[in-house]
Asks: 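Dropping the structure in here first, questions after.
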Amino acid sequence: MNENFGFQAVEHDNLGGVVYGQLSEALTKGRFAPGARLTIRDLAQSLGTSVTPVRDAILRLIQDEALVQKSAREVRVPVMTLERYLEIRQIRVKLEGLAAREAALKAEARDIARLRELIDRNEQAIAIQDWSGALELNQTFHFALAEIADMAVLRGILGRLWLQMGPLIAASYEHGGRAMIDHHHELLAAIEARDADGAECAIIDDIMGASSVIIDRLAALKPGAD
């Protein structure tokens with residue numbers, strides 16, 4: 001293994017929290033594939049730290065259901081089942097719909113400009129087939145809605161859901177292409193018009209529109225075939 005996954009060396013202050021944050025970001029951004037086996041020693045070497053904060057962070061991520069303990073020495077990124085995906089999709093529709101509604105009511109000019117920039121950069125990334133960059137911009141766009149809505153609790157809940165969804169969305173993104181962001185334009189237009197109903201409908205269409213691609217990838221990943 002011995003890969004660094006884009007990690008930065010960790011300072012010694014607040015090691016546990018920093019390691020947890022970096023591993024969470026890696027999962028959310030799909031740097032670990034569904035079914036990937038993780039070892040504490042390799043992660044510690046990549047992060048430039050001891051095994052203790054890595055072990056603590058992995059235990060937290062297991063509690064977050066973002067990782068699964070297969071045995072005393074084996075930790076893996078879970079391969080999601082269809083049933084679990086559909087449940088998370090249903091929750092995301094409700095919660096991200098709420099974030100979109102509130103964002104439409106609260107967005108200021110700088111917020112709208114930020115969303116437009118994220119969409120433009122995502123379009124550019126897709127055009128040159130920079131799928132990792134496009135994926136990161138897509139995730140940033142979704143999280144920005146809860147930030148604009150000024151709903152910190154909701155942002156935390158969505159972060160935990162995206163911890164579980166990140167590897168699967170990453171495995172699906174290239175196959176979805178522009179379909180993964182088509183509805184972002186509609187959402188931005190609704191936010192600009194302060195149309196809460198339209199914003200909610202647009203984010204629901206976005207989540208549901210990507211669903212068929214994700215379900216196809218789930219079938220290909222064959223849960224349980226570790």
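Computation of the quantities below employed the complete heavy-atom set of this structure, encompassing side-chain atoms and omitting hydrogens, waters and symmetry-equivalent molecules.
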Asks: Might you point out which heavy atoms bring I88 and M80 nearest each other, and give the distance in Å?
Replies: CD1-CE, 3.8 Å
Asks: Donor-acceptor check, side chain of R76 to backbone of A36, threshold 3.5 angstrom: yes or no?
Replies: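 Side chain of R76 to backbone of A36: no pair is present.
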Asks: What residues form a ring-ring contact (aromatic ring centres under 6.0 Å, His included) with H183, not counting sequence neighbours?
Replies: none
Asks: According to ring pair (Phe, Tyr, Trp, His ring centres under 6.0 Å), does anything in residues 58-81 pair up with another residue at least two apart or in another chain? List the pairs.
Replies: none
Asks: Please step through side-chain contact (heavy atoms from CB on, under 4.5 Å) for the pair V75 and V68, ending with a clear verdict.
Replies: CA-CA 6 Å; V75 175; V68 61; over 6 Å; no
Asks: Please give me the minimum heavy-atom distance between A57 and V19, naming the atom from each residue.
Replies: CB-CG1, 3.6 Å
Asks: In terms of side-chain geometry, is the basic nitrogen of D197 or R101 positioned less than 4.0 Å from the acidic oxygen of its partner?
Replies: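 Salt bridge between D197 and R101, a charged N being under 4.0 Å from a carboxylate O: yes.
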Asks: Counting C-beta onward and ignoring hydrogens, is there a side-chain heavy-atom pair between F143 and T28 closer than 4.5 Å?
Replies: yes
Asks: Would you check if H184 and R116 make a side-chain contact, meaning some heavy-atom pair closer than 4.5 Å?
Replies: no
Asks: Do V93 and M208 have side chains that get closer than 4.5 Å, going by heavy atoms?
Replies: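 In contact.
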Asks: With a 4.5 Å cut-off on side-chain heavy atoms, are I112 and I148 touching?
Replies: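 Of all side-chain heavy-atom pairs linking I112 with I148, none is under 4.5 Å.
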Asks: Of all the heavy-atom pairs spanning R60 and G17, show the shortest one and how long it is.
Replies: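 Taking every non-hydrogen atom into account, NH1-CA, 4.4 Å.
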Asks: Got a salt bridge between R84 and E65, using NZ or NE/NH1/NH2 to carboxylate O under 4.0 Å?
Replies: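 Judged by the 4.0 Å cut-off on N to carboxylate O distance, R84 and E65 do form a salt bridge.
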Asks: With a 4.5 Å limit on heavy-atom distance, are the side chains of L145 and L187 in contact?
Replies: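 Yes, close enough: below the 4.5 Å cut-off.
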Asks: Can we say R121 and E123 salt-bridge, meaning some charged N sits less than 4.0 Å from an Asp/Glu carboxylate O?
Replies: no
Asks: Do the side chains of E117 and R110 get close enough for a salt bridge, i.e. N-O under 4.0 angstrom?
Replies: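 No salt bridge links E117 with R110.
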Asks: Sequence neighbours excluded, which residues qualify as ring-ring contact (aromatic ring centres under 6.0 Å, His included) partners of Y85?
Replies: none
Asks: If we only count heavy atoms from C-beta on, is the W162 to L27 side-chain gap below 4.5 Å?
Replies: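 W162 vs L27: side chains apart.
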